[in-house]
Engineer: 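Have a look at this one.
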Amino acid sequence: MTEKNNVSMNILQVQNLKKDFGKHQVLKDISFSVNKGDVISIIGASGSGKSTLLRCINYLEEPTAGQILYHGKDAEQLNRAEYHSKVGMVFQSFNLFSNMSALDNCIIGQTLVLKRSKKEARERAVAYLEKVGMTPYMNARPSQLSGGQKQRVAIARALAMDPEILLFDEPTSALDPEMVGEVLSVMRDLAEGGLTMLVVTHEMGFARDVSNRVIFMDQGVIAEDASPEEIFTNPRQQRTREFLSRILDK
Amino acid sequence: MQRPVGNDFFGWIAYLLDSYGSLFLQGAGYTMLIAISGTVLGFLLGLLVAIVRTIPVNKKDNIFKKILLKTVGFILNVYIEVFRGTPMIVQAMVIYYGSAMVGINMDTLFAAIFIISINTGAYMAEIIRGGIISVDKGQKEGAHAIGMTHWQSMVHVVLPQAVRNIMPSIGNEFVVNIKDSSVLNVIAVSELFFVGKSAAGTYLRYFEVFAIIAAIYFVLTFTTTRLLRLLEKKMDGGKHYTIYGSQSASDASIKVEQGEAVPHD
């Protein structure tokens, strides 16, 4: 690329983000930025604010204070539909539409939000279902699929919107252990394909091997933001060390 | 008119069916017309009310929208409470004779359908609101996350599921309407009970006439519940789906029964 600085490479910039639920401060002062091609794992104990951070970036929760810049522009001023199609989200509990087939789940957002033709939307949906290995099941309803299959459809649904960045909120936490692998391998493929990803996860293997940056959150703040090598072999903070020893012992 | 052959119960039944049968059927027709239109219009009214009452209010919305929603919400609450809290027979009297007093002379059939619709609407509003709430919040978030608006997610995701979930309650309302439309005889609409009342009055044979009327009501409600059950089954869609392609033969397709197809979960 010919850009002289990394401004154009910068997709998201979170600035001094705060979120309170009543008197409870969940996010205290979060700032970080995401560049194109980044695969960032966000780790930390339950209640540290990881999921809330992701939900604020997607405006599923309104931030109490602070800003989210998307390509340098205040995301709040942007068209919400457009922002959401560019910043996709994959949920812990899949959140597929249970009144539609897997295929229709991947079509509806394209036709309603992106105004694509039925035919084009269908072709893209099939292509993304193929990518996650779910074409054989495209006519099945979510209730007829296993957890891992549902999550793969949910990933295809998010990809069909052509997002610039995909947020994953503990995508494997609701799965039976034998299904975690199929979803992680899809995510690994996406990361290798250059998709920008922000992944809240408890899968330390994924964080260490796939991501290029790891953010450790503790009590509503970013305690450490570094490369996976640094976090996993030589964490600077005592609390990072404690968290890792707790979770890796298991 | 010829007197019945025998003066016993069955003699009277036979005689009544012979001389009043077609009127009974006409009365049953009116009853069904009132019940069906009342349920359908009441459903639409309830849907409208429930949709308005579940519009999310955002902190950042302008003050005008907030005040408007609050006011409309208050009016709708009053409507629901009043119509659920008073008997339909009383509502019928107040509306029919009240409107006559201000110079609107309603046709009795129109009045009957009007009264039963707004009465049903009050119940439906709460039933549908329950249906909307019952659709898990995650699916709304899923819709939100791919950029769908509140309305788009309501129309395409929430309402289809909400309506399916409340089908048993809608059927219930329908059956109640078939039976409770009988109270509308007070405004002299010639539905089944009204026809029965006049037949019974003519011969002073209350027991025989209302035994027939009861049987007709039962046939109406029983048939209705069966048909609704079939409709529900239909709404659930196919129990199987097709798996397309396989490693060896890409054009193969396998039909799979629900439950058996799924290797895990």
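Naming: A, B, ... by sequence-line order, numbering from 1 per chain.
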Engineer: Where on A:Leu96 is there a heavy atom nearer than 4.5 Å to chain B: the side chain, the backbone, both, or neither?
Structural biologist: backbone
Engineer: Which bit of A:Val90 is near chain B, if near means a heavy-atom gap under 4.5 Å: side chain, backbone, both or neither?
Structural biologist: neither
Engineer: Side chain, backbone, both or neither: which part of A:Phe97 has a heavy atom under 4.5 Å from chain B?
Structural biologist: both
Engineer: Give the interface residues of residues 159-182 of chain B toward chain A, defined by a heavy-atom separation under 4.5 Å.
Structural biologist: B:Pro160, B:Gln161
Engineer: Taking atom NZ of A:Lys73 as the centre, does the number of heavy atoms from other residues, nucleotides or ligands within less than 6.0 Å exceed 12?
Structural biologist: no
Engineer: In this structure, are over 12 heavy atoms from other groups packed under 6.0 Å from B:Arg229 atom CZ?
Structural biologist: no
Engineer: Does B:Gln152 reach the side chain of A:Ile108, with side-chain heavy atoms less than 4.5 Å apart?
Structural biologist: no
Engineer: Look up atom CG in B:Asp136 and atom CG in A:Asn95, then write down how far apart they are to the nearest 0.5 Å.
Structural biologist: 6.5 Å
Engineer: Side chain, backbone, both or neither: which part of A:Glu82 has an atom under 4.5 Å from a heavy atom of chain B?
Structural biologist: neither
Engineer: Tabulate, in ascending numerical order, the residues of residues 139-147 of chain B having at least one heavy atom closer than 4.5 Å to a heavy atom of chain A, or enter 'none'.
Structural biologist: B:Gln139, B:Glu141, B:Gly142, B:Ala143, B:His144, B:Ala145, B:Ile146, B:Gly147
Engineer: Could you check which of A:Gly88, A:Ser98, A:Ser85 has the highest count of heavy-atom pairs closer than 4.5 Å to chain B?
Structural biologist: A:Ser98
Engineer: With a sphere of 6.0 Å drawn around CD of A:Glu130, does it hold more than 12 non-hydrogen atoms of other residues, nucleotides or ligands?
Structural biologist: no
Engineer: Answer yes or no: are there more than 12 heavy-atom neighbours, outside A:Arg122 itself, under 6.0 Å from its atom CZ?
Structural biologist: no
Engineer: Would you mind checking which part of A:Gln92 comes under 4.5 Å of any heavy atom in chain B, side chain (CB onward), backbone (N, CA, C, O), both or neither?
Structural biologist: neither
Engineer: Do A:Asn99 and B:His156 have side-chain heavy atoms sitting under 4.5 Å apart?
Structural biologist: no
